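Below is one structure, written out as structure tokens, with a few remarks after it.
Keep in mind that this is a model prediction, so the values were computed, not measured. Nothing fancy with the numbering, it's 1 onward along the sequence.
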Amino acid sequence: MAGNKLSPRQKMIGMMYLVLTALLALNVSKEIINAFVTIDDALNVTVSNLAGKNAQAYQSFEKEMKNDPTKTKPYYDKALKVKELSDNLNGYITTLKDTLIRLTDQIESGTKTPSTRELEKKDDYDTPTTLMVGSEQDGKGHKASELKEKILAYKKAVLETLVPEDRKKFTQRLDILFNTNDPAPEYVEDGKKTWEMFNFYHNPVVATVALLTKTQTDIKNAESEIVNHLLSSINAAAFKVSALEAKIIAPTSYIIIGQEYTADVFLAAMSETANPEIVLKSGGGSIKVEGGVGKFSARPGSDGEQKFGGLIRVKDPTDPNKFQEYPFESSYVAAKPSSSVSADKMNVIYIGVDNPFTVSVPGVSHDKVKAMPSNCTMTPDPKAGKGHYIVKATAQGEAIIKVSADLNGKVLPMGDFKFRIKRIPDPVAKIGGKKEGGIAKSALQAQSAIIPVMENFDFDLFSKVKSFRMSRYGKGRDPIEKSSDSGALTGEMKDVISQSRAGDKIMFEYIQATMPDGTVRSINPISLTIQ
């Protein structure tokens with residue numbers, strides 16, 4: 001029936017969506033890429049399970065048609081319309097996923113489409129971004145916009161199968177299930193102001209596929225709720241006990257160890273004046289019932305899937321001396337405390353420079369997350385926004401960043417992260433873009449200074465040559481040595497170069513460079529031969 005509560009599967013999928021969104025804000029590792037594959041596999045199983053559940057509802061409709069076709073047909077026709085709409089949108093998304101995967105791995109026509117686990121380019125960002133949102137800043141006009149329009153059309157069409165009173169009840173639920181609104185200003189990151197950009201920009205292909213599969217579970221859930229509502233509406237005026245079904249509703253199906261898991265266990269269309277008896281399996285005792293609703297709670301001590309179930313016993317309305325039993329079962333996931341600390345440039349901390357870091361805990365707002373460093377300092381980076389820090393270190397060794405999170409008033413540890421502290425690498429001395437080999441005399445004459453270059457280093461740092469010595473060696477000629485107290489070539493050095501001949505060797509040695517961390521280092525010599 002329509003109401004303000006979502007089913008356990010919907011709650012589970014909603015939490016998965018939040019976790020995925022938080023993870024995508026990070027520089028994803030191989031482990032996280034593989035986690036997306038696992039989540040997509042699990043979501044596909046959910047889609048299959050929901051399809052089986054929906055098939056049972058249609059079988060129940062067929063039985064009702066045999067019993068009373070006149071009363072059943074109007075509801076059955078609407079149910080078949082919902083099925084058609086759901087199958088069409090689900091098929092469109094399946095084709096979209098197939099296209100995305102084939103484009104990513106460049107699969108030839110006529111070849112079987114691989115699963116996400118078989119994908120070679122699981123971490124490819126470019127293909128899904130180009131296909132879904134293109135290069136426009138708002139991401140509109142591409143497949144993501146097309147998907148959004150189809151979702152909106154689907155919601156409108158399925159709601160039209162309901163009477164106005166029920167339509168109002170289901171509108172809110174479908175708006176939550178298929179939220180196509182642009183993100184609120186406080187959740188906008190990296191300029192992703194539209195629904196298209198927020199969900200599909202710069203995501204690895206496995207994450208995009210997982211999000212599309214999540215949408216397919218939403219479609220199956222919506223189909224299930226509306227079809228079952230139509231089924232129950234057949235005998236709404238003449239309630240039959242055989243139409244009762246055990247239900248479990250939980251605020252979340254994903255918790256962290258240390259948090260309490262809670263769930264409501266009850267019979268749909270229960271009586272507030274005649275509470276049922278709810279008994280757990282395997283000697284688990286009974287559940288307290290208030291107003292026809294059983295209040296189940298548990299506090300798991302280990303991670304992984306936690307299953308529970310039992311029987312709901314109610315008196316048979318046709319015989320007060322008998323009871324009817326309705327089995328129920330459900331599960332939730334308990335996860336170990338987890339968080340993420342990533343160096344935005346690389347996996348080490350360099351001495352003497354501002355190292356940008358991002359700290360986050362999936363599903364927890366930044367103001368509830370704290371990071372405690374050792375052997376380094378961390379200060380918030382106001383330019384980058386919440387969750388971003390500048391880390392500095394002064395000595396080589398190892399830094400440890402401890403992360404904790406405030407979860408419902410209780411501070412829990414989320415993990416320790418270790419980083420190596422290293423000094424800035426030496427720059428490479430070059431003149432005219434060369435550090436060795438042959439050079440034309442005219443090219444060398446055109447140079448004015450030795451330039452220290454930070455090769456293969458992600459930071460924009462610059463060092464300065466403090467002093468060096470230049471020597472010229474030539475066949476049948478006396479060596480000449482000249483010194484400079486800066487990185488610039490002196491007038492005498494330029495005269496020596498102008499008097500050089502082909503085959504002469506020009507050496508720049510004893511090069512001293514002042515580094516951004518304040519140290520002075522001896523860097524590589526330059527050996528050139530005049531051509």
Checking ring-ring contact (aromatic ring centres under 6.0 Å, His included) for the pair F357/F419: CA distance, chi angles, key distance, verdict? CA-CA 12 Å; F357 267 64; F419 295 88; 5.0 Å; yes
Tell me whether the count of non-hydrogen atoms from other residues, nucleotides or ligands lying under 6.0 Å of CD in Q106 goes above 12. no
Side chains of M470 and I497, heavy atoms from C-beta outward: is any pair under 4.5 Å? yes
Does a salt bridge link K386 with D367, judged by any charged N lying under 4.0 Å from a carboxylate O? no
Under 3.5 Å, is there a donor-acceptor pair between the S145 and E196 side chains? yes
Could you tell me whether E186 atom CD has more than 12 heavy atoms of other residues or ligands within 6.0 Å of it? yes
Does anything in residues 370-382 pair up under side chain to side chain donor-acceptor pair (under 3.5 Å), and if so which pairs, sequence neighbours excluded? none
For atom CG of D478, is the number of surrounding heavy atoms from other residues, nucleotides or ligands below 6.0 Å larger than 12? no
Is the distance from the ring center of F457 to that of Y350 below 6.0 Å? yes
Can we say R117 and D41 salt-bridge, meaning some charged N sits less than 4.0 Å from an Asp/Glu carboxylate O? yes
Greater than 12 external heavy atoms within 6.0 Å of E492's CD: no
Applying side chain to side chain contact (heavy atoms under 4.5 Å, CB included) to M493 and F468, what does each step give before you reach the verdict? CA-CA 11 Å; M493 291 177 176; F468 68 95; 3.6 Å; yes
Using the salt bridge (charged side-chain N to carboxylate O under 4.0 Å, His left out) rule, pick out the option among K143, K148, K150 that qualifies with E146. K143
One thing to verify: whether D218 and K214 come together as a salt bridge, which I'm taking to mean a side-chain N less than 4.0 angstrom from a carboxylate O. yes
Check this for me: does any side-chain nitrogen of one of D105 and K121 sit under 4.0 Å from a carboxylate oxygen of the other? no
Between R420 and E398, is there a side-chain N and carboxylate O pair less than 4.0 Å apart? no
Tell me whether the count of non-hydrogen atoms from other residues, nucleotides or ligands lying under 6.0 Å of CD in Q137 goes above 12. no
Identify whether the distance between the nearest side-chain nitrogen and carboxylate oxygen of D504 and R477 falls below 4.0 Å. yes
If we ignore hydrogens and angles and just use 3.5 Å, is the side chain of K441 paired with the main-chain N or O of S498 as donor and acceptor? yes
Closest non-hydrogen atom pair between A144 and F200, with its separation: CB-CD1, 3.8 Å
